[in-house]
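Everything on this sheet refers to the single structure shown next.
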Amino acid sequence: MRQLAVVVLAAGEGTRMKSSVPKVLHEIAGLPMIGHVLATAHSLSANKVITVLRHDREKIAGYISQHFPSTEIAIQDEIAGTGRAVEAALELLAKDFDGDVLVLSGDVPLIDVQSITELIEGHRESSALGTLVSCELANPTGYGRLIRSRGDLVGIVEQKDATPEQREIKEINAGVYVFDSKHLQAALSKVTTNNASGEKYLTDVVSVLIESGSVQAFQIIDRWLVAGVNDRVQLSEVASELNARIVRAWQLAGVTIDEPASTWIDVTVQLGQDVRILPSTRLHGITSVGAGSTIGPDSTLQDCEVGAGAKVTRSVADSVKISDRATVGPFAFLRPGTELGSDGKIGAFVETKNAKIGAGAKVPHLTYVGDAEIGEGANIGAGTIFANYDGVAKHHTKIGKHARTGSGNVFVAPVSIGDGAYTAAGSTIRRDVEAGSLAMNPVTQKNLADWVLQRRPGTESAKAAREETE
Ligand code: UD1
Ligand code: CA
């Protein structure tokens, strides 16, 4: 089997993004562009995957070492251009490396394993010294154009260097190539920086290589696979297209998606059979949704695990576990560390954080639960606050199984309510409550007769009060 080295170019400045974030770290479908390219690169069973970096290299290298640690990093020097970048990568190849070099661009994120496999197979079956991916575009502006003579590829001319006639050419260079390593190295040493950008172009190896052999084009029909991202308009176009493909794939896999255009699903998400996604819903990161659950409308889940048969309506959740048949929302805000047990309920206008809510337990209305454990089958009254913060430190509250806490309670942590205990409406609970007790801290209510008539004479309230008492 012939050896294969993959080179991913990511050393450019990315000026057209106008961003403090390196271009290849801008995300589509939940992964930085270079994450998509490296995922593809690493599924090709190559002998080596090398990324070339220069601008913003610490940030990009940080991402790569965390997510694709087997990637080798080459550093490009001050000579600019994609050709120079490839030269830097070739320095990491063993002197006796004799095989193919696949070049991918960090800003061409949708190129897929299947196309690359066909590219490499086609190249190996031919006698060409290099094969590049091309595509016919209705609007080829910005891309390098293929120059052909009697049908044969003879060179590539960049947009900036092209004559008006060459700019009419619709066949573009995708920035994805496979070369014989020895011939590539020899050709690069002959490429100059004599062009409109003053850069050492990788594309110039084509005209050098045809002096000693041929270079062929592998045409791809699906233009999105070769789309390059140089600015944020292209970033959003590619992101929308990838999302449309992810949504469609889930529909074909048995998920109902009411409104694809307003549904965003990261590549890292997993969905079970008969999940239903209602409009304006976003599923991000390592999120999974079990069979038959309904999410949305207007919901955002980041890194959440949702069980089967659950329902999440108009809510936002981050790093949360929602068990089977549990219901959430509308208008709930679930923060990291929330775990809702099976058949549990988190209702309207409830915020939770670091809260373990047991099976069948209910927090139905207008409540904040922070740093707490609520036992199975417990019910929390409307308008309850778990006062977890003393201004310096956070404290824990425990509510026992099948407890019934009254409306308008404040639990001043640390505090614990025993199994099956009750608390009266309007209580402020500062001391532990034993299992089975009723806790109350009533303040004697005083009613001052005729206070409104005397202190607020002539008001609508006073008038209403007089009519009632007459
Ligand atoms: C490049 C191609 C063009 C092709 C297009 C496809 C060249 C000269 N031109 O143009 O023919 O149609 O891609 O999308 O190759 N990079 C480096 N080092 C550098 C410069 C760039 O590593 O010195 C990297 C960038 O980070 C990027 C990739 O190479 O990932 C392409 O660079 P970019 O400047 O975007 O090239 P294009 O103008 O798009
Ligand atoms: Ca580009």
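Just so it is clear, the model here is predicted, and its values are computed rather than measured. We count ligands from 1, going down the list as the structure has it; atoms in each ligand are counted the same way.
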Glu87 vs Arg84, test: salt bridge (charged side-chain N to carboxylate O under 4.0 Å, His left out). Steps then yes/no.
CA-CA 5 Å; Glu87 277 185 313; Arg84 189 63 177 175; 3.0 Å; yes
Give the C-alpha distance, both sets of side-chain angles, the deciding distance and a yes or no for salt bridge (charged side-chain N to carboxylate O under 4.0 Å, His left out) between Asp318 and Lys353.
CA-CA 10 Å; Asp318 178 5; Lys353 190 213 71 181; over 6 Å; no
Please step through salt bridge (charged side-chain N to carboxylate O under 4.0 Å, His left out) for the pair Asp98 and Lys182, ending with a clear verdict.
CA-CA 7 Å; Asp98 189 12; Lys182 293 288 181 230; 5.7 Å; no
Could you check Leu153 against Leu132 for side-chain contact (heavy atoms from CB on, under 4.5 Å), going step by step and ending with a plain yes or no?
CA-CA 10 Å; Leu153 181 59; Leu132 59 86; 3.9 Å; yes
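Ligand 1 does not have Glu13 within reach: every non-hydrogen atom of the residue lies 4.0 Å or more from it. The shortest heavy-atom distance from Ile172 to ligand 1 is not under 4.0 Å.
Between the side chain of Thr352 and the backbone N or O of Leu334, no donor-acceptor pair lies under 3.5 Å. Listed for the Tyr143 side chain is a donor-acceptor partner under 3.5 Å among the backbone atoms of Gly228. Proximity of a side-chain donor or acceptor of His36 to a complementary backbone N or O of Ile28 within less than 3.5 Å is detected. Listed for the Asp100 side chain is no donor-acceptor partner under 3.5 Å among the backbone atoms of Ser181. Checking side-chain atoms of Arg145 against main-chain N and O of Ile172 turns up no donor-acceptor pair under 3.5 Å. A distance-only check finds a donor-acceptor pair linking the side chain of Asp231 to the backbone of Gln234 [under 3.5 Å]. Without hydrogens or angle criteria, Ser319 side chain to Pro336 main chain gives no donor-acceptor distance under 3.5 Å.
In summary, the atoms of ligand 1 found under 4.0 Å from a heavy atom of Gly144, numbered by their order in the structure, are 3 (C), 4 (C), 11 (O), 12 (O). Listed by number with element, the atoms of ligand 1 under 4.0 Å from a non-hydrogen atom of Ala174 are 6 (C), 14 (O). Shown in contact with Lys23 at under 4.0 Å from a heavy atom are these atoms of ligand 1, numbered in order with element: 35 (O). Near Ala80, meaning under 4.0 Å from any of its heavy atoms, are these atoms of ligand 1: 23 (O). Heavy-atom contacts of Gln76 reach the following atoms of ligand 1: 17 (C), 18 (N), 19 (C), 22 (O), 23 (O) (cutoff under 4.0 Å).
With contacts defined as side-chain heavy-atom distances shorter than 4.5 Å, the pair Phe218/His123 does not qualify.
Contacts between Ala85 and ligand 1 below 4.0 angstrom, taking non-hydrogen atoms only, involve the side chain exclusively. Contacts of Asn230 with ligand 1, taken as heavy-atom pairs under 4.0 Å, involve the side chain alone.
In terms of distance to the Ca ion (ligand 2), the nearest N, O or S atom of Asp107 is named OD2.
For the side chain to side chain contact (heavy atoms under 4.5 Å, CB included) with Ile147, the lone residue among Val157, Ile156, Asp152 that qualifies is Val157.
At a cut-off of 3.0 Å, Ser105 is not counted among the residues with an N, O or S atom near the Ca ion (ligand 2).
For atom 15 (O) of ligand 1, the nearest protein heavy atom lies closer than 4.0 Å.
Remark: minimum distance from atom 32 (O) of ligand 1 to any protein heavy atom is reached at Thr82 CG2, 4.0 Å. Atom 13 (O) of ligand 1 has as its closest protein heavy atom Gly175 CA, 4.6 Å. Remark: minimum distance from atom 17 (C) of ligand 1 to any protein heavy atom is reached at Gly12 N, 3.3 Å. The protein atom (non-hydrogen) at minimum distance from atom 35 (O) of ligand 1 is Asp107 OD2, 3.0 Å. Scanning all protein heavy atoms for the shortest distance to atom 22 (O) of ligand 1 gives Ala11 N, 2.9 Å. Among all protein heavy atoms, the one lying closest to atom 23 (O) of ligand 1 is Gly81 N, 2.7 Å. Atom 4 (C) of ligand 1 has its closest protein heavy atom at Asn173 O, 3.2 Å. The nearest heavy-atom contact from the protein to atom 24 (C) of ligand 1 is Leu9 CB, 3.7 Å.
When the heavy atoms of Arg16, His55, Glu158, Glu199 are ranked by distance to atom 34 (O) of ligand 1, first place goes to Arg16.
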